[in-house]
Chemist: 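Could you have a look at this structure, given as structure tokens, before my questions?
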Protein chains: 2
Amino acid sequence: MAKTPVRTRRSGSQLSPEAIIEASLRIAARGSQDAFTVRRLGEELGADPTAIYRHFRDKDELLLSVADRAYGEVLEGIPDGLGWKDRLRALANGSLRVALKYPAVASITASRTTRRINEFRIVELILGAVTEAGLDGADAALYYRAVADALLAYVGQSAAYVLFAPEIRAGDESSWAREYRMVDPGRFPGIARLGTELAQVSAEAVFDVRVEALIAAIEARAASLPEDATRT
Amino acid sequence: MAKTPVRTRRSGSQLSPEAIIEASLRIAARGSQDAFTVRRLGEELGADPTAIYRHFRDKDELLLSVADRAYGEVLEGIPDGLGWKDRLRALANGSLRVALKYPAVASITASRTTRRINEFRIVELILGAVTEAGLDGADAALYYRAVADALLAYVGQSAAYVLFAPEIRAGDESSWAREYRMVDPGRFPGIARLGTELAQVSAEAVFDVRVEALIAAIEARAASLPEDATRT
DNA sequence: ACCTGAACACCGTTCAAGT
DNA sequence: ACCTGAACACCGTTCAAGT
């Protein structure tokens, strides 16, 4: 029984890069209950697992293409007409949303460059925001990188976390309520005093603090520049 | 030929958790040229690969123990007597240094909790810093989490990056000089205008911006509180 | 031109057998 | 009480063979 393929699309077997990317996203959307492997991909496509090597050099090239498709989903969710701060907030929130939708992709992509069209669009969006904030030249480049790398790191971290096996996650989550509540108050006074508050912090609030810290840093840098920085 | 084990410590084979952790750190310190696998660990110890299961439940439990040992190295590098800002800077710089020393460990630990002694000490250090900055209660807990998660995300991202195969890294690094220089200036004016500056941003400068943004956020939050926040 | 399937060189982990 | 080694259920990828 247990071996019948999910979708039997054999014989014809007309594969294409698009079909493979879409199948990858379907698998990635299943989160921790379905690993994103070449063999699983073959099953999902109703083809031999190695058939994808006819359309992508290796799994890494496929991954970058899939990630760029996910970037496209992020961009679709960002409305027009926002000021630079709200544009960055929309980018951050959208990135987190899409990363949690496809955690297997987001967790691997966190330190990668897709060098594809939607990444270009996101780079342009961030550059536009820091420029609108009043930065230019080396400053704009530096703060662009800080924002881009930080966002990738944040959402990649969140994605990796939801991918952990449930037992591991349960252990990590309960640690504030267990191990951290049993520390010696003499040796760890801060932990003992703030144990309750530490257990109650929400991931959303932490994410907000981190995003707002970046926005404030851009604003502070722009404010520290000489007035004549009103570029043409 | 090619099969002689690196260190033959057989027959006696007196393994211990400490010896296994130290062998793990030696392997992890070899970075991308030597994967941190159970089989490699057996070779390093001059024992059968599966012998470690007599001392650790599974690879994950070993990893957390190894990570906590690495946290100890971070703490050793932080001098006494620093103010809260310099303490956080020393923690950030030390974390990055140790993460790049043992990238295989740091890249996996970025979204984990070791629940071991040195993690407690780092939590206490950060809590002490935000308290000294003037935060308390839910605020202290929230900004603790923002700092801790951000640091883990930053150094984990950096560690994952140096672990990539050289070809992949070369492709990512050259992208600013190649793909990003060939974009259509009409469609991506920001990229076209700042291409040179983007290629020149250093990873250290980006890291600094991110760390200083966190410190400034703590300071701003503390400054926004009513005066009477001079706790007992 | 594209797909198949056996095969290779890897993983982490279990378990019966040794000492 | 601890270590060994065969074995299992996985990985990504190559390549000769099919159509």
Side-chain angles (χ1 to χ4, degrees), chain A residues 2-3 5 7-21 23-24 27-28 30 32-66 104-105 107-109 112 163-165 167-168, chain B residues 1-3 5 7-21 23-24 27-28 30 32-66 104-105 107-109 112 163-168:
Chain A
K3 259 301 186 154
R7 286 152 198 255
T8 317
R9 198 185 296 172
R10 276 197 202 251
S11 79
S13 253
Q14 63 328 15
L15 291 187
S16 68
E18 286 70 32
I20 294 171
I21 291 171
S24 300
I27 294 170
R30 288 182 209 133
S32 60
Q33 57 187 318
D34 213 343
F36 176 32
T37 68
V38 172
R39 279 170 175 81
R40 196 102 196 92
L41 193 48
E43 236 177 272
E44 181 75 20
L45 289 163
D48 190 275
T50 67
I52 67 151
Y53 289 92
R54 239 51 54 195
H55 298 90
F56 295 93
R57 183 163 19 90
D58 52 24
K59 201 192 174 188
D60 191 66
E61 201 209 332
L62 168 61
L63 177 76
L64 294 182
S65 299
V66 172
V105 174
S107 66
I108 311 180
T109 318
R112 302 303 306 284
L163 273 187
F164 282 125
E167 323 90 65
I168 291 183
Chain B
M1 286 206 65
K3 260 300 185 147
R7 287 150 197 255
T8 318
R9 199 184 296 170
R10 278 196 201 250
S11 79
S13 253
Q14 61 333 11
L15 290 187
S16 67
E18 285 70 33
I20 295 172
I21 290 171
S24 301
I27 295 170
R30 289 182 209 132
S32 60
Q33 59 189 316
D34 213 342
F36 176 31
T37 68
V38 172
R39 279 169 175 82
R40 196 104 195 89
L41 194 46
E43 234 176 275
E44 180 76 19
L45 288 162
D48 190 274
T50 66
I52 67 152
Y53 289 92
R54 240 50 54 194
H55 299 91
F56 295 93
R57 184 164 16 92
D58 52 23
K59 200 191 175 188
D60 190 66
E61 201 208 333
L62 168 61
L63 177 76
L64 294 183
S65 299
V66 173
V105 174
S107 66
I108 312 181
T109 319
R112 302 302 306 285
L163 273 186
F164 282 126
E167 324 88 67
I168 291 183

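These figures come from a predicted structure and were not determined experimentally. Each chain gets a letter, A, B and so on, in the order the sequences are listed, and its residues count up from 1.
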Chemist: Can you check whether Glu61(B)'s main-chain N or O pairs, donor with acceptor, with Asp58(B)'s side chain at less than 3.5 Å?
Modeler: yes
Chemist: Roughly, in whole Å, what's the span from CZ in Arg54(A) to C1' in dG12(D)?
Modeler: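 That distance rounds to 14 Å.
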Chemist: Would you name the heavy atoms of Ala19(A) and Leu45(A) that are closest together and state the gap between them?
Modeler: O-CD2, 3.8 Å
Chemist: Rounded to the nearest angstrom, tell me the gap between atom OH in Tyr53(B) and atom C1' in dT13(C).
Modeler: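 My rounded result for the distance is 5 Å.
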Chemist: Please state how far atom CG in Asp48(A) lies from atom C1' in dA6(C), giving the value in whole angstrom units.
Modeler: 10 Å
Chemist: Considering all heavy atoms of both residues, which atom of Pro49(A) and which atom of Arg39(A) are nearest to each other, and what is their separation?
Modeler: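 Closest approach of Pro49(A) to Arg39(A): CB-CA, 3.9 Å.
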Chemist: Can you list, in residue-number order, the parts of residues 58-66 of chain A that come under 4.0 Å of DNA chain C, counting heavy atoms only?
Modeler: none
Chemist: Give the rounded distance in Å between these two atoms: CG of Asp34(B) and P of dC10(C).
Modeler: 12 Å
Chemist: Indicate the atoms forming the closest heavy-atom contact of Tyr53(B) with Val38(B), along with that distance.
Modeler: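 For Tyr53(B) versus Val38(B), the nearest heavy atoms are OH-CG2, 4.0 Å.
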Chemist: Identify the stems formed by DNA chain C, where each pair is Watson-Crick or G-U wobble with both distances under 3.5 angstrom and a stem is at least 3 consecutive pairs.
Modeler: C:4-8 with D:12-16, C:12-16 with D:4-8
Chemist: Without decimals, in angstroms, what is the distance between Arg39(B) CZ and dA9(C) C1'?
Modeler: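 That distance rounds to 10 Å.
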Chemist: Mind listing the closest non-hydrogen atom pair of Val105(B) and Ala28(B) along with its distance?
Modeler: CG2-CB, 3.7 Å
Chemist: What is the distance from atom CG of Leu41(B) to atom CG of Asp48(B), rounded to the nearest 0.5 Å?
Modeler: 11.5 Å
Chemist: Checking only heavy atoms, does the side chain of Thr37(B) share a donor-acceptor pair with the base of dG12(C) at less than 3.5 Å?
Modeler: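 A donor-acceptor contact between them is absent.
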Chemist: Of all the heavy-atom pairs spanning Phe164(A) and Arg112(B), show the shortest one and how long it is.
Modeler: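 Heavy atoms only, the tightest pair is CZ-CD, 3.0 Å.
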Chemist: Can you tell me how far P of dT4(D) sits from CG of Leu45(B), to the nearest Å?
Modeler: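 For the pair Leu45(B) CG and dT4(D) P, the rounded distance is 10 Å.
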Chemist: With a 4.5 Å limit on heavy-atom distance, are the side chains of Phe56(B) and Leu64(B) in contact?
Modeler: no
Chemist: Could you tell me how far apart Phe56(B) (CZ) and dC2(D) (P) are, to the nearest whole angstrom?
Modeler: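 Computing the Phe56(B):CZ to dC2(D):P distance gives 13 Å.
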Chemist: Val38(A) has a side chain; which of dG5(C), dT4(D), dG12(D) sits nearest to it?
Modeler: dG12(D)
Chemist: In whole angstrom, what separates Arg57(B)'s CZ from dG12(C)'s P?
Modeler: 17 Å
Chemist: How far apart are the closest heavy atoms of Ala47(A) and Leu15(A), and which atoms are they?
Modeler: CB-CD1, 4.1 Å
